[in-house]
J.: 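Let me begin by handing over the structure; questions about it come next.
Just so we're clear, the structure is a prediction, and the values are computed from it rather than from any experiment. Residue numbers start from 1 in every chain, and the chains themselves are labelled A, B, ... in the order their sequence lines are given, proteins ahead of strands.
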Amino acid sequence: MWHCYFLYLSGGLLSASKCNFGLRHLFLYEDKDSLSFVAGVQETFSLKLEPSFFASFFSPPRIKDEPDDDGFYASPKEDSKPLKRPREDDDLLVLKHLFSERGNIVACSNSFFLILQDSKAKKAKNKDKKVPEADKRKKPKKEEEQKWKWWEEERYPEGIKWKFLEHKGPVFAPPYEPLPENVKFYYDGKVMKLSTKAEEVATFFAKMLDHEYTTKEIFRKNFFKDWRKEMTSEEKSTITNLSKCDFTHMSQYFKAQTEARKQMSKEEKQKIKEENERLLKEYGYCVMDNHKERIANFKIEPPGLFRGRGNHPKMGMLKRRIMPEDIIINCSKDSKIPPPPPGHKWKEVRHDNKVTWLVSWTENIQGSIKYIMLNPSSRIKGEKDWQKYETARRLKKCVDKIRNQYREDWKSKEMKVRQRAVALYFIDKLALRAGNEKEEGETADTVGCCSLRVEHIKLHPELDGQEYVVEFDFLGKDSIRYYNKVPVEKRVFKNLQLFMENKQPEDDLFDRLNTSILNKHLQDLMEGLTAKVFRTYNASITLQQQLKELTNPDDNIPAKILSYNRANRAVAILCNHQRAPPKTFEKSMMNLQSKIDAKKEQLADARRELKSAKADAKVRRDEKSKKTVESKKKAVQRIEEQLMKLEVQATDREENKQIALGTSKLNYLDPRISVAWCKKWGIPIEKIYNKTQREKFAWAIDMAEEDYEF
DNA sequence: TGCCATACTTAGAAGGCCCGTC
DNA sequence: GACGGGCCTTCTAAGTATGGCA
């Protein structure tokens with residue numbers, strides 16, 4: 001007997017009738033006797049397929065696209081109805097893609113789809129326009145083939161983040177393992193056995209003993225206060241002074257453990273690696289709308305001491321252990337809800353598809369909410385990223401108008417408008433952050449544009465031969481110092497003088513302005529415009545301009561990459577992305593320099609050898625000596641190239657000493673600019689983006705051609 | 001309008017891992 | 001095979017922005 005099936009994929013998103021294959025086009029039969037299947041297309045074609053091929057299709061929802069298809073399926077739900085998808089047009093592509101994934105039908109799949117295309121010829125033809133030339137020319141590698149091109153699908157309506165979400169919940173920090181008996185803690189020179197709770201917190205301090213933090217007064221004070229809360233009353237009465245606590249033995253024990261880990265055998269290391277991989281496989285992915293997606297941070301933050309940046313008033317406080325009872329789970333109603341660890345329960349399970357997070361909890365230091373969300377390579381993050389750059393591109397179209405407007409506003413009768421206009425000028429010209437208000441005493445004292453204080457700027461009517469110079473000196477995000485002397489227009493200068501009149505150093509420079517007022521104004525100028533869009537826009541446009549200016553068509557690849565890094569660096573400087581110079585910087589520069597010196601000597605030798613070979617060839621005039629000259633020539637060329645590479649490397653590294661390129665590359669530069677540049681100059685994309693970055697920017701790599709303009 | 005809660009992006013530090021060199 | 005160094009990943013802090021409510 002023959003049974004007819006709908007082709008039923010991933011929670012029913014793609015059923016045969018709905019995707020316009022229709023029963024008219026596609027029938028799938030199960031032959032109960034032989035346990036095999038037959039696919040028929042309008043009775044013009046039939047294909048016998050193994051049951052294994054269909055097995056996953058008949059288990060809704062089925063997850064597509066991950067390279068390691070490990071059978072990680074969401075559990076089928078009897079009552080789950082197919083979700084209507086606003087992306088039907090792409091079903092053919094999706095199906096084609098899916099079918100081509102299956103090695104067992106690849107040989108048949110072409111004819112299979114040819115027939116389908118016949119019945120939808122027009123549609124399929126249009127679809128082809130979307131496929132980049134390169135994709136048509138060469139057969140994509142397996143890895144590429146399996147990637148889901150979410151950017152070719154329609155987006156969900158505003159506000160809806162997903163329709164189906166299933167995950168396994170978070171991974172908790174391992175429980176505390178008490179120290180071995182022989183590891184001692186000393187108080188006032190005497191051995192003291194601590195209770196488990198007090199000992200655990202003590203180990204947090206011991207592990208940081210070599211860090212500068214533990215020398216800081218606030219850190220020590222906060223730590224000691226919170227530590228005492230974990231002590232027994234007896235311990236509390238004994239341990240009254242942190243300076244009398246000796247953690248060195250504990251610290252040595254942890255260092256020895258680190259050392260032992262390094263010395264582990266290959267097999268032991270492999271075992272740990274495998275365990276991590278297992279954890280990742282089990283908890284590191286979720287199913288979001290038919291696709292298996294990587295989770296960014298599936299591990300709950302372990303307890304420890306809070307490491308605030310800069311002069312954070314709460315540094316050293318105890319970050320408590322997060323328990324299942326603190327956790328809110330967010331997933332689909334019809335998904336398999338992750339079970340809490342035995343003997344525990346979740347704080348709450350909710351089903352909110354207007355947010356992107358899977359798990360949340362409230363931390364105890366600032367009382368803020370922490371989230372578990374998806375990896376940057378996921379659809380949900382990628383779409384948002386793409387959208388961000390599109391907003392910045394829209395700003396490009398109206399930025400001149402906005403600039404004219406704020407220049408006009410410098411003359412406004414209203415103080416509020418003038419302040420807004422000057423602040424916006426700084427945000428635009430200097431790529432300053434918006435500068436939200438912060439609760440005093442709760443965080444480090446840092447500012448952005450709107451929260452600048454009088455003490456953060458100095459006005460110089462003339463400085464180093466330039467007129468109307470503003471000297472900025474303040475701590476920005478992460479307590480990174482912003483120091484800059486900027487010549488500004490006379491009107492800006494005069495306005496600043498006005499804003500500073502009769503104010504104390506600690507008073508707000510823009511006392512009639514905050515980020516909310518500013519952003520409301522920006523929203524009126526362009527839909528979706530906020531202060532941070534200027535940073536994205538200016539970063540991306542700077543990269544594009546710099547690349548045009550710095551790329552020399554005659555340069556070889558390393559020199560072109562140096563140009564790229566220089567363009568990237570210009571952006572990082574604009575955005576003030578600094579880093580502490582690496583501890584090994586001087587040493588590594590010296591090493592590189594000695595390599596260069598050695599290479600120079602090698603080159604001199606090679607040139608000498610070439611000269612004598614030429615002389616020899618002149619005398620001998622035979623084939624053998626001619627050949628020797630040729631090989632010596634090649635050797636010189638090779639060494640010259642190697643030397644050049646080393647010199648470029650040294651320049652690049654020196655210029656990068658205190659500048660962090662990663663942040664702008666990852667967050668501010670429209671990746672399509674970089675992709676287009678690579679395509680234009682024949683630079684392999686791997687030279688610009690590493691694997692993770694390529695995954696994050698897969699959408700850009702796929703869609704940008706060499707003529708892309710930001 | 002201000003305040004607070006919430007959700008999400010942006011950020012540098014730290015440490016692990018991998019690769020080149022000896 | 002050991003070692004060193006740099007790149008990559010992970011971690012989580014610190015921002016921005018928005019919406020709801022009084």
J.: I want to check one thing: is the phosphate of B:dT9, taken as OP1 and OP2, less than 4.0 Å away from some side-chain N or O of A:Lys381?
T.: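 A:Lys381 to B:dT9 OP1/OP2: side-chain N or O found under 4.0 Å.
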
J.: Indicate for each nucleotide in nucleotides 9-22 of chain C, in 5' to 3' sequence, whether protein heavy atoms under 4.0 Å reach the base (B), only the sugar-phosphate (S), or nothing (-).
T.: SS-SSBSBBS----

J.: Is the ring pair A:Phe426/A:Phe472 parallel, tilted or perpendicular, if the boundaries are 30 and 60 degrees?
T.: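 A:Phe426 vs A:Phe472 ring planes: perpendicular.
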
J.: Quick one: are the ring centres of A:Phe247 and A:Phe205 less than 6.0 Å apart?
T.: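 For A:Phe247 and A:Phe205, the ring centres are under 6.0 Å apart.
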
J.: Between A:His577 and B:dT10, is there a side-chain N or O to OP1/OP2 distance below 4.0 Å?
T.: no

J.: What is the distance from CG of A:Asn276 to C1' of B:dC17, rounded to the nearest Å?
T.: 12 Å

J.: What's the CD-C1' distance between A:Glu686 and C:dC8, to the nearest Å?
T.: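 To the nearest whole Å, that distance equals 16 Å.
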
J.: Could you check how far CG of A:Asn565 sits from P of C:dC7, rounded to whole Å?
T.: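 Atom CG in A:Asn565 sits about 10 Å away from atom P in C:dC7.
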
J.: Between B:dA11 atom P and A:Gln578 atom CD, what is the distance in whole Å?
T.: 12 Å

J.: For a quick test of reading the model: is some side-chain N or O of A:Tyr668 closer than 4.0 Å to OP1 or OP2 of B:dT9?
T.: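 Indeed not, no polar side-chain atom of A:Tyr668 lies that close.
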
J.: Nearest-Å distance, CD (A:Glu440) to P (B:dC3)?
T.: 13 Å

J.: Whole Å only: how far is the CG atom of A:Leu518 from the C1' atom of B:dG2?
T.: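 In whole Å, B:dG2 C1' lies 17 Å from A:Leu518 CG.
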
J.: Considering heavy-atom distances to DNA chain B, does A:Lys520 or A:Thr536 have its closest nucleotide positioned more toward the 5' end?
T.: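 Going by which nucleotide is closer to the 5' end, it is A:Lys520.
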
J.: Could you tell me whether the phosphate oxygens of B:dC18, OP1 or OP2, come under 4.0 Å of any side-chain nitrogen or oxygen in A:Lys273?
T.: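 Yes.
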
J.: In whole angstroms, how far is the C1' atom of B:dT10 from the OH atom of A:Tyr389?
T.: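 Result: 11 Å.
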
